[in-house]
Each structure stands twice: as C-alpha cells, then as structure tokens.
Peer 1: 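Just passing along the structure, written as structure tokens.
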Amino acid sequence: MKVVKFGGSSLADGPQFEKVISIMKADPERQVIITSAPGKRHDGDIKVTDLLIKYAQLTIKHADTSKIFNQIFSRYQSIGDYFGLTEDALAPIWHALSELPTTDYPDDDYLMAAFKAHGERLNARLMATVMTHLGLKARFVDPKEAGIIVSDEPNNATVLPETYTHLAHIDVDDTILVFPGFFGFTPNGQIATFSRGGSDITGAIVARGLKADLYENFTDVDAIYAANPKLVDHPLAIHRMTYREMRELSYAGFSVFHDEAIIPAIQGEIPINVKNTNRPDLPGTLIVPEKDFKPAQTITGVASSTRFAALYLHRYLLNKEVGFTLKLLQVFKKYNVSYEHMPSGIDDLTVIFDKTQFDEDTIHNMCHDIREVLQPDTLEWIDDYAIIMVVGEGMRNKVGVIEQIIQPLAQHDIGVHMINQGASRISIMLGTRRADAEEAVKSIYNAFFSSEPVKN
Ligand code: ASP
C-alpha cells in the first residue's frame with residue numbers, strides 16, 4: 001500500500017486536481033492521499049494558507065473580512081466548478097470558512113492555527129467530494145477521527161506517540177482515504193499545525209502509522225538535485241539517497257522535502273519517493289535507509305542557507321572553567337532560544353543559531369544577560385553568516401575530502417569561518433559570509449560533479 005502526498009502546486013486548481021486523480025487511479029496500491037492547501041497557480045499568485053493567515057489577522061483586529069473570505073472561497077469554488085459540482089456540494093466549505101471567526105479559541109495563536117489548518121482540511125474534503133462525484137470510492141478522514149494527536153504548540157506542533165496506536169486501527173480497504181496534511185489535535189482537542197510546509201510531515205506520520213510500503217511525495221520538480229538549480233545550471237538529479245543525507249540537505253536549504261518529515265519515515269523504515277505531478281512517469285528521487293544504499297560517488301549534494309546567525313565569545317582559560325557552557329545554556333533557556341551548533345576552542349566559543357527565532361529585542365537582551373553572567377572579554381553578534389553543507393554517505397570512508405572542498409573555495413577567494421564535521425561523518429559544514437554562499441555552492445559542486453560519474 002502506498003501513501004501519496006500532493007503539494008500545494010499540485011492541488012492549485014481544477015486541471016491540477018485532475019492530474020492528481022489520474023495519478024491515484026493509475027496504481028491501485030495508492031490507497032491513501034494526503035492533501036496540501038491549494039498553492040500558487042502561477043508566479044505572483046498567493047497560496048491559500050497565506051490568504052488564511054491574512055483572514056486570521058483581520059479577524060483578530062476585528063476588521064472587515066468579506067474580501068479575503070471571498071478570495072479564499074473562490075479558490076475552492078473554481079475547483080468545484082471545474083468538475084461541475086453543485087452549490088450544495090460546496091456549501092460545507094462555505095460554512096466551515098464562515099464559522100472560523102465565530103468559533104471559540106483559547107488564544108490568538110490557536111485561532112491562527114485553526115484558520116491555517118483549514119487550507120488543507122477543506123481541500124481534502126473537496127478532493128473526497130470530487131473523487132466521489134467522478135465515481136471513485138473515496139472518503140475524507142479528519143485528523144480528529146484518525147487520532148493525530150500533537151503537542152500544545154499551536155503553530156509549531158510535533159506529533160505525540162499515541163497517534164501511531166490510533167492510526168493502526170484504521171482499516172484500509174478499497175476506499176481511498178483522503179487526509180488533510182499540516183495539522184493535528186492537541187490532547188485538549190484544539191487544532192495545532194506543524195511548521196510551514198508541514199503536510200509532508202502528516203504524510204510521513206500516516207505512512208508510518210498505516211505501515212505503508214512506500215510514501216510517494218508528489219511536488220512540482222522532477223527530482224531532488226545535487227545542488228539548487230537556481231544556483232547551478234542543470235545540476236545532476238539524485239536518483240537514490242539515504243534518509244540522513246536528505247535530512248542534512250533539507251536542513252541546509254533543500255526545500256523540496258520538509259526536514260522533520262523524514263523522522264517518522266525513518267522510524268517506520270518507509271522509503272520515500274519524491275516525484276513530479278506534472279511528469280509522473282519519471283522515477284524522481286528515492287530516499288531509503290542506509291542499509292539499502294551503496295554510495296556511487298563521494299558527495300550526494302551541496303546546499304547553503306543564510307538563515308543563521310552566530311554569537312562569538314572569547315575569554316581566556318574558557319576551557320578550564322567548569323560550568324561556563326551551563327550558564328550560557330541557562331540564558332538561552334530563559335529566552336526560549338535553541339542553538340544549532342557550538343564549535344569551540346581553548347579560549348573561544350561560537351554558537352550558531354537559526355535566526356528566524358529572534359527579534360531585535362531578544363538578541364539585545366540575551367547578549368546583555370550573557371555579558372553580565374559570563375563576563376566575556378569579547379562578545380560579538382554576527383548576523384552575516386551562512387552555512388554550507390556538503391553531504392554524502394560516500395565521504396565516510398574517503399580520505400582527503402576536506403581538501404577537495406576547501407581548494408575550490410580558496411581558488412574563489414572565499415574565507416571559511418568555521419568547519420564542523422558531523423559526528424555521522426556524512427556531512428561537512430562550513431561557515432562563510434552570506435555574500436559568499438552562492439559562489440561557495442557553485443565551486444564545490446563543480447569540483448565534485450564535473451569530474452564524477454552520474455549517480456544511480
Ligand atoms: N499549506 C501549508 C503551508 O503552506 C503546509 C504545506 O503546504 O505543506 O505551509
């Protein structure tokens with residue numbers, strides 16, 4: 001049995017719905033479908049999730065919502081119209097959307113989550129209605145009914161383990177089950193969403209819970225590439241890679257697949273096949289456990305991300321001082337801040353953060369507390385920070401890879417501020433200035449791939 005997830009661009013309008021339905025019909029093993037909210041139909045279009053965020057913001061401000069309401073409903077209506085659905089068939093969508101502002105929520109964060117979740121919730125309902133209208137056996141399955149239980153973090157939830165026990169009770173027969181992606185219910189029965197792009201996570205959870213043989217993830221690219229096609233001209237498509245390679249690359253900017261979505265697949269050992277809705281016959285990229293993988297070349301991919309910032313601390317004899325890091329971590333905890341990496345020297349420490357979690361005040365106050373508590377000789381907040389991630393199972397048993405990485409950077413006059421080899425030995429992370437990140441990716445890609453065979 002296959003669990004099949006479709007991204008927002010695959011479900012953006014009637015013709016895209018039609019492609020999705022023919023993909024589902026083409027293989028009887030495809031028994032479960034996970035929907036995103038309708039995405040962009042063309043450049044400059046707005047995703048329904050973003051329209052719902054606006055709807056929530058206007059509701060919070062008690063402002064007029066009629067225009068945004070119509071804009072959202074018309075997205076579903078035009079899909080319904082494409083298939084000739086009646087007004088009555090679309091009425092539940094209209095009602096659900098119009099009831100959102102008058103429902104009770106514990107606070108505005110939960111209100112926001114509930115509004116956002118309806119992008120997928122209504123799209124899944126619509127998909128089940130359209131499929132039934134076309135004579136297929138299909139049924140909408142709400143996460144409440146399925147028992148997808150998530151943590152009490154309204155807009156950044158994580159799945160709770162009891163979900164898998166609940167999913168195991170669902171019967172998969174000859175009816176296509178249509179699940180909405182992106183959200184679950186907290187133990188108190190409130191809607192909470194995963195982070196943005198989180199329908200991938202639902203797909204992986206459902207695939208694990210139902211013990212699928214394959215998790216197919218349909219999007220709008222032919223495959224995952226060894227480097228970002230916006231940076232490198234016609235990069236090589238990766239046909240096969242491991243879960244942890246995918247995780248490291250998506251962490252550092254490969255946006256095709258959500259990095260958190262790999263975890264349930266790893267736990268259930270379910271292979272993931274990333275494919276293109278617009279060219280479903282292409283093989284796409286298969287993501288598999290390490291035991292099913294033999295590296296054909298040294299690196300699998302190279303990525304860069306500029307969503308990082310660093311804190312540099314210097315104090316003599318830092319290496320001898322018991323509790324220095326503990327005090328630092330206590331300050332992070334006070335500000336509810338998580339850190340990504342912490343490379344250190346005898347008198348120095350750099351902490352690398354995901355800077356999307358900060359606002360200016362938090363940075364200011366946190367640095368003030370660190371100065372007070374730790375009395376560093378130097379404290380520097382470095383906003384101009386990018387991380388380059390070079391990833392490959394093939395690096396593990398190879399000597400001299402670091403030289404192959406550094407040489408092209410030196411040739412392009414790119415300074416490296418930090419090097420960190422992951423404990424798994426399948427990734428090397430480099431810190432550079434933001435302005436150097438793109439050139440760094442291009443030169444590393446060229447160094448490895450212009451002379452290596454195509455990976456299969
Ligand atoms: N619709 C949600 C978003 O735009 C989730 C998803 O598409 O995966 O983030």
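Both counts, for ligands and for their atoms, begin at 1 and track the order of listing. In this text, all values refer to a predicted model and were calculated from it rather than measured experimentally. The residues of the chain are indexed from 1 along the displayed sequence. Computation of the quantities below employed the complete heavy-atom set of this structure, encompassing side-chain atoms and omitting hydrogens, waters and symmetry-equivalent molecules.
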Peer 1: Residue-level breakdown please: for His258 versus ligand 1, do any non-hydrogen atoms fall below 4.0 Å on the side chain, on the backbone, on both, or on neither?
Peer 2: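 Contact part for His258 vs ligand 1: neither.
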Peer 1: Students should be able to answer this: which protein heavy-atom is nearest to atom 2 (C) of ligand 1, and at what distance?
Peer 2: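 Its nearest protein heavy-atom neighbour is Thr49 OG1, 3.6 Å.
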Peer 1: Do Asp45 and Arg75 meet the salt-bridge criterion of a basic N to acidic O distance under 4.0 Å?
Peer 2: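 A salt bridge is present here (some side-chain N lies under 4.0 Å from a carboxylate O).
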Peer 1: Pairs under 3.5 angstrom only: tabulate donor-acceptor contacts from the side chains of residues 416-423 to other protein residues two or more places apart or in another chain.
Peer 2:
none

Peer 1: Ring centroids only, cut at 6.0 angstrom: are Phe194 and Phe182 within range, meaning strictly under it?
Peer 2: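 Judged by ring-centre distance (under 6.0 Å), Phe194 and Phe182 do not meet the cut-off.
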Peer 1: Any heavy atom of Gly198 closer to ligand 1 than 4.0 angstrom?
Peer 2: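 Yes.
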Peer 1: Could you tell me which atoms of ligand 1, counted from 1 in the order shown, lie closer than 4.0 angstrom to a heavy atom of Arg196?
Peer 2: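 By the 4.0 Å cutoff, the relevant atoms are 3 (C), 4 (O), 9 (O).
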Peer 1: Between Arg307 and Tyr251, is NZ or CZ placed under 6.0 angstrom from the six-membered ring centre and within 45° of the ring axis?
Peer 2: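 Judged by the rule, Arg307 and Tyr251 form a cation-pi pair.
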Peer 1: Would Arg208 pass as a cation-pi partner of Tyr164, given that its NZ or CZ must be under 6.0 Å from the six-membered ring centre and within 45 degrees of the axis?
Peer 2: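 Here Arg208 passes the 6.0 Å and 45° test against Tyr164.
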Peer 1: Using a 4.0 Å heavy-atom threshold (strictly under), name the region of Lys47 that reaches ligand 1: side chain, backbone, both or neither.
Peer 2: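 The side chain, only.
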Peer 1: Purely on distance, is any nitrogen or oxygen of Lys5 under 3.5 Å from one on ligand 1?
Peer 2: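 Not met; the criterion fails.
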Peer 1: Only one of Tyr385, Phe358, Tyr335 passes ring-ring contact (aromatic ring centres under 6.0 Å, His included) with Phe353; say which it is.
Peer 2: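 For Phe353, the ring-ring contact (aromatic ring centres under 6.0 Å, His included) test succeeds with only one of Tyr385, Phe358, Tyr335, which is Phe358.
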Peer 1: Would Asp200 count as being in polar contact with ligand 1, using the rule that some N or O on each side must be under 3.5 angstrom apart?
Peer 2: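 By distance alone, the answer is no.
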Peer 1: Strictly below 4.0 Å, N to O, side chains only: are Arg196 and Asp50 in salt-bridge contact?
Peer 2: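 Looking at Arg196 and Asp50, the cut-off is met.
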Peer 1: List ligand 1 atoms under 4.0 Å from Phe182, heavy atoms only on the residue side.
Peer 2: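 Counting atoms of ligand 1 from 1, those under 4.0 Å from Phe182 are 2 (C), 5 (C).
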Peer 1: With backbone taken as N, CA, C and O and side chain as the heavy atoms from C-beta onward, which portion of Ser36 lies under 4.0 Å from ligand 1: side chain, backbone, both, or neither?
Peer 2: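 For Ser36, only side-chain atoms sit under 4.0 Å from ligand 1.
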Peer 1: Looking at ligand 1, does any of its N/O atoms fall within less than 3.5 Å of an N/O of Ala37?
Peer 2: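 Ala37 vs ligand 1: no N/O contact under 3.5 Å.
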Peer 1: Tell me, please: is Gly197 in heavy-atom contact with ligand 1, that is, under 4.0 Å?
Peer 2: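 Within the 4.0 Å threshold, so yes.
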Peer 1: Tell me, please, which residues at least two apart from Ala386 pass side-chain contact (heavy atoms from CB on, under 4.5 Å).
Peer 2: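 Ala386: side-chain contact (heavy atoms from CB on, under 4.5 Å) contacts with Thr306, Thr432, Arg434, Ala437.
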Peer 1: Of all the non-hydrogen atoms in the protein, which one sits nearest to atom 6 (C) of ligand 1, and at what distance?
Peer 2: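 Looking at atom 6 (C) of ligand 1, the protein heavy atom closest to it is Ser199 OG, 3.4 Å.
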